[in-house]
Amino acid sequence: MIGGLGGLMAGLMMPAPLVARAPTRPPRLRPGDVVGLIEPASFSDDLLQLEGVKAVVAGMGLVPRLGRHVATRYGYLAGTDEQRAADINAMFGDSAVRAIFAVNGGWGSARLLPHLDWDRIRANPKLLIGFSDVTALHLAFAARAGFPTLHAPNAANGWYETSWDSFWRLAFAGEAPLFQPPETLGPDVEGADGSPRVATIRPGTARGRLIGGNLSVLATLVGTPWLPDFEGAILFLEDVNEAEYRIDRMLNQLALAGVLGKVAGVIFGQCTRCASRLPGYIGFTVPQLLDQYIRPLGVPAFRGANIGHIADQLCLPVGAEVEMDGRGSIRVLEPITA
C-alpha cells in the first residue's frame with residue numbers, strides 16, 4: 001500500500017527487543033565530518049530554506065549531505081513512508097556519514113518505524129538529532145537501537161548559545177556535563193516576567209535512563225511495541241499548542257498505562273502556547289495538572305526546564321544515564337559518544 005500503512009499494521013505485530021545498555025556508542029563529531037540531512041515527517045519544498053539549513057550545518061564545521069528524498073512531497077509528508085525511511089536506512093548504512101539531523105518535525109515520524117532497518121541501525125551507531133515529532137524516532141531508538149540519540153533543535157530551527165554549547169559538549173567534546181537551570185525565564189517562554197524558570201514539584205535526586213520528548217507524540221506510542229521500558233527512567237516532557245484539557249488527557253493516559261508509576265524522576269520543560277486565552281477561564285493550569293499527576297508519584301520532579309519549542313533549548317541525550325535534582329539540574333553520567 002502506498003505510504004506503508006499495511007507495513008505499519010504488520011510492524012505492530014512484532015515484539016520490541018529489550019535493549020538495556022548500548023554495547024557501543026555513536027562516534028564523536030569532529031570538524032569536517034559529513035552529516036546526513038533527512039525529513040522524517042513534514043515536507044519542506046523551499047529550496048532557499050534548505051540552502052539556509054545547509055549553511056547552518058556548515059557553520060557548525062560539518063559537511064551536510066541531503067537525503068535522496070529531501071524536498072520530496074507526498075500529501076503533507078516529505079515523501080512516502082518507504083521513501084523517508086529509505087533515507088534514514090541509507091544514512092545509517094553510509095560509512096562516510098557520522099550523524100543524522102532531522103531538517104524539521106511536523107507529523108509523520110511514527111509512520112516510519114516498521115520500515116526502518118533495525119539491524120543496520122544497531123550495527124552502525126550514529127547520533128540522530130532533532131525534536132518535536134522526531135520524538136517518535138528517539139523513543140523507538142531507545143527501545144530498539146541500544147545507543148543514545150540527541151533531543152535537540154532540528155536543523156531548520158535556531159541554534160543559539162545554550163543549544164550550541166550543550167550540543168558541542170555532548171557530540172563534539174564527548175563530555176558528561178552538568179546542566180544547571182537558567183536563573184530566569186527567557187523572552188520567548190510563555191509567561192516570562194523575570195520570575196524563576198524552574199519550580200520544584202518534588203525535591204530530591206534520582207538516577208536513571210533519560211527517556212522522553214514531546215508529550216503528544218509519546219502518548220500516541222503507548223500500547224505499541226515502539227515505546228521503551230520506563231522502569232526506573234527519568235522522564236522528560238514538553239509540548240506546544242495544546243489546551244490544558246488535552247495535557248490533562250495525555251498525562252492521564254500515561255498514568256493509566258502505568259508509565260508514570262514506573263519512573264524514578266520527572267522533568268517537565270516548556271508547554272509553549274498551552275495557556276488558555278479564553279476570558280474568564282476557570283479550568284486547571286498546566287502547573288496544577290503537574291501537581292495532580294506528578295507530585296503523588298513521590299519521585300524527584302521539577303517543571304520549567306528550557307526544553308521544548310523555545311528559541312534556545314537545551315540538548316539532551318535520550319537513552320543516556322543521568323542524575324537529576326528536583327531543584328533543576330541534570331547531570332549526564334557518562335559520555336554518549338566514543
Side-chain angles (χ1 to χ4, degrees), residues 18-26 28 125 127-129 131 135 138-139 141-143 145-152 162-163 165-183 196-215 218 227-238 254 259-270 290 293-308 312-338:
L18 298 178
V19 179
R21 296 287 297 168
T24 54
R25 290 175 289 174
R28 185 181 304 182
L127 285 177
L128 174 72
I129 302 150
F131 88 115
T135 291
H138 289 312
L139 294 172
F141 273 58
F147 54 83
T149 58
L150 271 180
H151 185 275
T162 297
S163 300
D165 178 71
S166 53
F167 179 70
W168 173 268
R169 297 176 70 183
L170 291 164
F172 281 85
E175 296 181 11
L178 169 65
F179 296 127
Q180 299 279 20
E183 292 184 359
R197 179 188 290 271
V198 166
T200 298
I201 299 173
R202 277 275 189 179
T205 61
R207 291 189 175 196
R209 191 170 174 230
L210 185 66
I211 304 177
N214 183 264
L215 172 59
L218 191 158
L227 199 68
D229 186 3
F230 283 84
E231 189 66 47
I234 305 299
L235 171 66
F236 76 98
L237 299 169
E238 62 83 26
L254 298 188
V259 171
L260 294 184
K262 292 182 176 182
V263 302
V266 179
I267 300 165
F268 197 89
Q270 299 299 320
L290 295 175
Y293 285 100
I294 306 304
R295 187 183 298 276
L297 301 177
V299 300
F302 67 91
R303 60 176 172 83
N306 56 326
I307 303 166
D312 197 14
Q313 65 170 300
L314 182 67
C315 298
L316 289 178
V318 183
E321 294 289 324
V322 303
E323 180 179 84
M324 63 156 291
D325 189 293
R327 293 172 295 183
S329 68
I330 305 169
R331 182 188 298 274
V332 181
L333 295 179
E334 58 187 14
I336 66 167
T337 53

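Predicted model only: the values in this text are computed from it and were never measured.
Rounded to the nearest 0.5 Å, atoms CD1 (Ile267) and CZ (Arg303) are 14.5 Å apart. In this structure, CZ on Phe141 lies 5.0 Å from CG on Leu128, to the nearest 0.5 angstrom. Separating the CD1 atom in Ile307 from the NE2 atom in His151 is a distance of 7.5 Å, to the nearest 0.5 Å. In this structure, Asp312 CG and Ser166 OG are separated by 8.0 Å, a value rounded to the nearest 0.5 Å. Between atom CG of residue Leu218 and atom CG of residue Leu237 there is a gap of 6.5 Å, rounded to the nearest 0.5 Å. Note that CD of Glu238 and CG of Leu215 are 8.5 Å apart. Values are rounded to the nearest 0.5 Å.
Panel note: side chain Arg207, backbone Leu333; no donor-acceptor pair is recorded below 3.5 Å. In terms of modelled atom types and a separation under 3.5 Å, the side chain of Gln270 and the main chain of Ala305 share a donor-acceptor contact. The backbone N or O of Gly326 lies less than 3.5 Å from a partner atom in the side chain of Thr200, making a donor-acceptor pair.
Screening Leu316, Ile336, Asp165, Leu127 for a side-chain contact (heavy atoms from CB on, under 4.5 Å) involving Leu170 leaves a single residue, Ile336. A side-chain contact (heavy atoms from CB on, under 4.5 Å) with Pro125 holds for exactly one of Thr149, Thr24, Thr337; it is Thr24.
At a threshold of 4.5 Å between non-hydrogen side-chain atoms, the residues Arg202 and Ile294 do not count as touching. Leu254 is not listed as a side-chain neighbour of Phe230, based on a closest heavy-atom distance of 4.5 Å or more. Contact annotation: the side chain of Asp325 never approaches that of Pro300 to less than 4.5 Å [non-hydrogen atoms, C-beta and beyond].
Enclosure of atom CZ in Arg327 is not indicated, since only 12 or fewer non-hydrogen atoms of other residues, nucleotides or ligands lie within 6.0 angstrom. Counting non-hydrogen atoms of other residues, nucleotides and ligands closer than 6.0 Å to CZ of Arg331 gives a total of 12 or fewer.
What you find for Ile211 and Val318 is that their closest heavy atoms are CA-CG1, 4.3 Å. Smallest separation of non-hydrogen atoms from Ala152 and Ile129: CB-CG2, 3.8 Å.
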May I have the list of side-chain donor-acceptor pairs in residues 174-181 shorter than 3.5 Å, sequence neighbours left out?
| unit_1 | atom_1 | unit_2 | atom_2 | d |
| --- | --- | --- | --- | --- |
| Glu175 | OE1 | Arg169 | NE | 2.8 |
| Glu175 | OE1 | Arg169 | NH2 | 3.4 |

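Glu231 has no carboxylate O lying under 4.0 Å from a charged side-chain N of Lys262, or vice versa, which leaves the two without a salt bridge.
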